[in-house]
Amino acid sequence: MRWIWIDRFVRFESGKSARAVKNLSLAEDYFEQHLPGYPIMPACFILEGLAQTGGILVGEANDFKEKVVLAKITSARFQREALAGETLIYDAEMVTLRPEGASIVGKVYGIPAGSTAQEPTEAPIAEAEIFFAHLDQARSQQLFGDHNFVFSGDLKYLLGLAKVSAQRTDRAK
Amino acid sequence: MPSQAEIFQKVSATLVDALNVEQDEITPSATLQGDLGAESIDFLDIVFRLEREFGIKIPRNELFPESIFQGDPDFVQNGKVTEKGLSELRQKMPFADLSKFEKNPELTAISDLFTVEMIAKYIEGKLKVKN
């Protein structure tokens with residue numbers, strides 16, 4: 001299983017905000033056990049999706065040169081469960097961006113199965129504030145070398161996919 | 001320029017948000033690590049929030065110096081901060097109350113200098129310069 005908890009970006013404003021979506025397929029492994037007969041997404045995975053949305057927002061702001069790591073989840077509130085079949089919308093907004101790190105606030109909305117809505121139609125199912133640190137350049141180079149293990153492939157690739165998709169839409173117009 | 005009470009109130013609110021503690025745990029003498037459970041990453045978070053709350057810039061290592069003595073034997077001997085080390089502290093952290101620490105300057109007790117009151121005093125100094 002690959003550690004990607006968002007399917008695609010639908011909006012991205014460099015250094016400011018990002019919106020990503022995640023479709024919850026019943027085929028995903030964790031639904032088998034969580035919970036038997038009542039497939040809901042574990043709250044920690046909901047947060048992971050938000051952290052990936054926010055983390056890419058933070059990483060892209062410095063052209064993926066920094067090693068961005070999740071340092072702490074300052075607060076997180078959950079209003080309801082996310083069920084298999086729903087689409088989650090992750091909204092991340094940059095609050096602070098500094099050389100040492102960054103913080104974002106995020107909201108997660110659910111689009112119920114069967115709905116064709118593209119925008120959130122109800123209150124967020126979760127809200128969180130997430131703090132990211134830039135691993136100290138000198139220290140991380142000692143430990144990990146020049147290679148940026150955070151944005152090595154899949155995560156960065158997601159933004160590339162969004163760009164390709166946008167170009168296709170433009171050409172079709 | 002906000003009053004001392006207003007600054008303290010805002011600093012308290014900042015710490016409640018950053019450290020997820022109760023308002024009544026925040027007293028002027030409460031230490032960030034010992035009493036309020038702050039970890040290293042929280043210090044950075046607190047700095048970010050204070051900057052936003054008060055509209056000031058807090059240069060790295062100014063409010064929370066990371067390693068003041070860097071293992072220098074002139075500053076620390078046998079686990080205790082020397083007179084030279086204390087004078088370095090006074091210079092780097094003029095906003096900290098060293099009166100208690102000076103009586104028994106164990107290096108391990110240095111984190112007790114980081115109190116709620118210390119932050120409030122630091123902010124007060126920054127705002128005076130700004131205005």
Side-chain angles (χ1 to χ4, degrees), chain A residues 15-17 43-44 47-48 50-52 54-55 57-59 61-62 65-79 92-107 124 126-144 149-150, chain B residues 10-26 30-72 92-93 111 114 116 119 122-123 126 130:
Chain A
K16 289 187 177 168
S17 65
C44 56
L47 277 184
E48 177 64 29
L50 188 60
Q52 291 191 355
L57 177 69
V58 172
N62 285 307
K65 290 193 177 90
E66 298 283 354
K67 296 179 179 76
V68 178
V69 293
L70 196 162
K72 79 168 181 178
I73 293 171
T74 313
S75 67
R77 289 188 183 81
F78 299 89
Q79 307 299 338
E93 198 178 313
M94 190 86 80
V95 179
T96 308
L97 177 65
R98 289 199 14 162
E100 303 95 321
S103 64
I104 65 120
V105 289
K107 289 182 177 165
E127 292 176 74
E129 188 176 346
I130 303 178
F131 188 83
F132 297 93
H134 291 149
L135 273 191
D136 181 78
Q137 288 294 350
R139 271 179 59 199
S140 68
Q141 264 173 20
Q142 261 175 17
L143 293 169
F144 308 110
F149 60 90
V150 181
Chain B
K10 276 188 174 184
V11 168
S12 301
T14 301
L15 294 174
V16 165
D17 288 344
L19 302 176
N20 247 319
V21 289
E22 299 294 330
Q23 183 70 50
D24 59 10
E25 290 178 70
I26 297 186
T31 59
L32 297 183
Q33 283 172 298
D35 295 329
L36 302 177
E39 293 179 23
S40 58
I41 201 69
D42 294 318
F43 287 97
L44 198 52
D45 188 15
I46 292 167
V47 165
F48 283 12
R49 285 170 192 273
L50 290 172
E51 286 192 337
R52 284 206 304 274
E53 186 64 47
F54 292 98
I56 53 172
K57 273 267 159 238
I58 301 178
R60 194 172 180 174
N61 281 333
E62 192 175 89
L63 174 58
F64 302 122
E66 275 165 31
S67 50
I68 302 168
F69 301 129
Q70 320 233 342
D72 189 327
K92 280 197 172 166
M93 300 174 68
S111 65
F114 298 105
V116 179
I119 298 181
Y122 171 82
I123 297 289
K126 288 295 264 191
K130 190 184 163 195

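Just the heavy atoms: all of them, side chains too, but no hydrogens, waters or symmetry mates, feed the values below. So that the names make sense, note that chain A is the first sequence line, chain B the second, and so on, each numbered from 1.
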Can you tell if the side chain of B:Leu44 reaches within under 4.5 Å of the side chain of A:His134, non-hydrogen atoms only? no

State whether the number of non-hydrogen atoms from other residues, nucleotides or ligands found under 6.0 Å of B:Gln23 atom CD is greater than 12. yes

Would you compute the distance between atom CZ of A:Arg98 and atom CD1 of B:Ile58 and round it to the nearest 0.5 angstrom? 7.5 Å

Within the side chain of A:Lys72, is there an N or O that forms a donor-acceptor pair under 3.5 Å with the backbone of B:Ala18? yes

Could you tell me the separation between the CD atom of B:Glu51 and the OG1 atom of A:Thr96, rounded to the nearest 0.5 Å? 8.0 Å

Show the numbers, then the answer: is there a side chain to side chain contact (heavy atoms under 4.5 Å, CB included) between B:Arg49 and A:Val95? CA-CA 10 Å; B:Arg49 285 170 192 273; A:Val95 179; over 6 Å; no

Can you confirm whether B:Glu39 is buried at CD, in the sense that more than 12 heavy atoms of other residues, nucleotides or ligands lie under 6.0 Å from that atom? no

Which region of B:Arg52, side chain (C-beta onward) or backbone (N, CA, C, O), has a non-hydrogen atom less than 4.5 Å from a non-hydrogen atom of chain A, or is it both or neither? side chain

Is there a donor-acceptor pair under 3.5 Å between the side chain of B:Asn20 and the backbone N or O of A:Ser75? no

Measuring from B:Asp42:CG to A:Phe131:CZ, what's the distance to the nearest 0.5 Å? 8.5 Å

Test item: B:Asp17 and A:Glu129 side chains (from C-beta on) under 4.5 Å apart, heavy atoms: no

